[in-house]
Amino acid sequence: MLLEKLILVVIIFGLSLVIAMYSTYFERKVAAWFQDRIGPDRAGPFGLLQPLADGVKMFLKEDFIPKHADKWLFIMGPGISMFTALITSTIIPWGPDLYMFGTNVVLQVADFNVGILFILGVLSVGVYGIMIGAWASNNKFSLFGAIRASSQMISYELAMGVSVITIVMMTGSLSLRDITESQHGFWNDGWFTWNVFSQPVCFLVFFICSLAELNRAPFDLSECESELIGGYHTEYGSMKLGFYLFAEYVSMFISSAIISILFFGGYSFPGMDSFSGNTLAILGVVALFAKIFFFIFVIMWIRWTLPRFRFDQLMHLGWKSLIPIALINLLVTGLVIAFKNGWFN
Amino acid sequence: MQSLSNKRKVVSDKPMTFMEKLYLPAIIGGMWITFKHLFRKNNTIKYPEEQRVFAPVYRGMHVLKRDEEGRENCTACGLCAVACPAEAITMVAGERKKGEEHLYREEKYAETYEINMLRCIFCGLCEEACPKEAVFLTDRIVPTEFERGTFIYGKDKLVEPVDSRIDITKRQHTGKRTEK
Amino acid sequence: MNTIQLIVYLLGGLTVGSALMVILSKHPVRSVLYLVLTFFLISANYIMMNAQFVAVVNIIVYAGAIMVLFLFVLMLLNLSKENEPRSSLLVKLAASLAGGSLLVVLVAAVKDSLVLPVTGVVQNDGGLVENLGQLLFTKYVLPFEVSSILFISAMVGAILLAKREKQIID
């Protein structure tokens with residue numbers, strides 16, 4: 001049992017890192033395609049070894065700590081970022097149960113009964129990596145980046161939390177596996193089972209908020225190079241910078257997974273009832289990963305399309321648009337659920 | 001004022017309609033535009049393997065021409081240096097000695113002739129100014145160097161070798177005024 | 001002493017230790033960071049009591065939001081030893097008096113409280129989401145709603161404070 005979980009943890013850990021590595025490559029390729037360019041194609045066939053080359057470059061750079069920096073906090077910052085990015089993957093249900101070596105392997109490290117709240121908690125802690133690192137580097141631009149990042153995270157967490165509550169109300173459970181199971185298949189009783197079709201507004205709010213929480217364009221104000229040099233990682237170099245950048249891609253992978261699970265049925269796919277056993281499990285994992293890769297692509301697509309927000313516009317959108325929309329959506333959902341349960345009769 | 005290009009747009013700041021305030025149609029429109037670019041032909045070429053065809057009037061690295069018998073055309077008149085807007089050209093004139101007739105076409109020649117490739121803006125005015133058809137701009141690219149000093153090209157790099165002439169006929173007749 | 005007891009004592013010790021570091025640290029930013037660590041350790045204690053919901057909410061609300069705001073303000077203030085205001089003897093005396101009386105109250109409260117033996121994972125489901133919700137909306141509905149009124153009054157007050165300056169400009 002313990003060994004099984006340990007193997008799963010190692011696989012997921014490796015997978016997150018490999019996917020994050022290739023996200024950096026894919027991001028550059030996508031950017032190139034959108035701009036009618038070729039993109040990296042020198043290292044290996046189609047440039048597939050580019051992430052390795054980047055990694056080697058990062059490792060071989062001088063590991064530098066500025067004179068006036070707070071040494072331990074300076075080292076801790078990227079570490080916390082990476083830690084919080086990786087730890088969320090523990091509660092993601094990757095697929096239906098797999099039968100292997102005579103046992104039933106659950107493709108989820110921990111089915112925490114407060115799963116979705118755990119994700120919100122880890123997300124809210126994630127900002128410490130940025131804040132600590134930026135404050136420790138003793139640089140005005142870094143501090144500005146950190147302040148922007150933290151106020152942005154706090155603002156968008158609210159709307160995100162409210163939209164998550166809407167989904168929790170629909171499902172009646174906080175566990176991600178239950179949320180996935182409630183969206184089983186694709187079509188049931190004359191309507192789609194996936195939450196995105198019953199809660200499109202909620203999906204939109206959640207998606208925008210997760211872009212903001214990821215510090216991705218168009219909300220990448222905390223590392224906005226036109227105003228703040230590099231933002232919170234201005235003073236960083238070598239693998240510490242690599243960790244910050246890498247953490248962003250890991251969290252991109254994880255939040256694509258969470259979007260897929262909350263709104264696109266996780267590992268469920270049309271016609272899944274005609275399969276069973278290991279075939280179902282493998283197809284489910286494939287379906288989930290297809291959805292994840294699609295959302296990674298969409299996030300990149302948005303980055304290379306939309307210009308960056310101004311900071312007041314960002315706050316305006318968060319507090320004056322998204323939170324009211326999410327709250328009204330929550331209220332309407334509550335009324336509909338109450339109506340369906342016959343509370344008005 | 002009447003628009004000459006028919007591209008003039010009247011700017012207005014009327015309040016946005018509800019659909020405009022939603023921003024979503026505009027965002028989706030923008031994303032559709034970028035999506036269409038996925039299927040366009042790439043504009044970049046893989047440089048060292050593929051090379052772009054230069055225009056016939058391309059102005060690259062200079063060459064100091066020799067005549068048919070292999071004698072240098074340049075007489076160090078200095079008109080190119082005067083014409084040069086970037087002041088990239090310097091030269092020292094020298095007198096042809098006995099026995100050097102096979103090297104230089106006329107009695108006066110350039111002992112040193114230097115073009116600073118970092119100053120040069122490749123405008124081609126030296127070529128226009130030259131009365132002896134000595135200096136031409138070619139389709140060769142000035143290679144990169146590690147030091148600034150090496151960008152000052154002397155006669156060793158500028159004068160065409162006798163055994164490997166640089167053909168400029170195809171390119172120059174488009175720009176050169178013909179004698180009447 | 002079994003493993004769980006060991007973990008509980010270790011967590012308790014760490015919690016007290018990091019809480020002490022909050023007041024012993026020279027730099028305010030470090031104090032806040034130790035406070036964040038303390039909240040995490042308290043959450044771990046909650047998990048040992050099988051109160052997962054409370055643990056996660058503690059992290060989201062305290063460590064994730066309130067402490068970020070604390071840190072935010074402290075980073076902007078740039079407090080350091082040099083520009084710390086000198087407090088007079090009277091202030092120091094008053095502070096130690098107030099702190100001392102609080103200590104007396106706390107010691108008295110702890111002395112009177114029940115001391116439960118550490119037995120292992122407490123089999124109480126009060127911390128789980130469903131039971132907590134049931135309790136909040138039946139038995140404790142009045143205190144729950146009253147506390148929400150308290151929060152609304154705080155919010156109104158905050159907005160009033162933020163708005164007042166603008167009226168003067170107008």
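Residue numbers begin at 1 in each chain, while the letters A, B, ... track the order of the sequences. Both backbone and side-chain heavy atoms feed into the values below; hydrogens, waters and symmetry mates do not.
Of residues 29-38 of chain A, those residues lying under 4.5 Å from chain B by any heavy-atom pair are A/Trp33, A/Phe34, A/Asp36, A/Arg37, A/Ile38.
Heavy atoms from other residues, nucleotides or ligands lying under 6.0 Å from CD of B/Glu87 number 12 at most. Counting heavy atoms of neighbouring residues, nucleotides and ligands inside a 6.0 Å radius, atom CD of B/Glu147 does not exceed 12 of them. Counting non-hydrogen atoms of other residues, nucleotides and ligands closer than 6.0 Å to CG of B/Asp156 gives a total above 12. Atom NZ of A/Lys61 has 12 or fewer neighbouring heavy atoms from other residues, nucleotides or ligands inside a 6.0 Å radius. The neighbour count for B/Glu50 CD, taken as heavy atoms of other residues, nucleotides or ligands under 6.0 Å away, is above 12.
At a 4.5 Å heavy-atom cutoff, B/Phe39 makes no contact with chain A through either its backbone or its side chain. In this structure, chain A has a heavy atom under 4.5 Å from the side chain of B/Leu24, while its backbone stays farther away. Neither the backbone nor the side chain of B/Lys36 comes within less than 4.5 Å of any heavy atom of chain A.
Note: A/Ile208 CD1 to B/Ile27 CD1 = 7.0 Å, rounded to the nearest 0.5 Å. With rounding to the nearest 0.5 Å, the separation of CD1 in B/Ile28 from OG1 in A/Thr305 is 11.5 Å. Taken to the nearest 0.5 Å, the OH atom of B/Tyr23 stands 12.0 Å off from the CG atom of A/Leu306.
Scanning both residues, A/Trp301 and B/Met31, for their nearest heavy atoms gives NE1-O, 3.1 Å.
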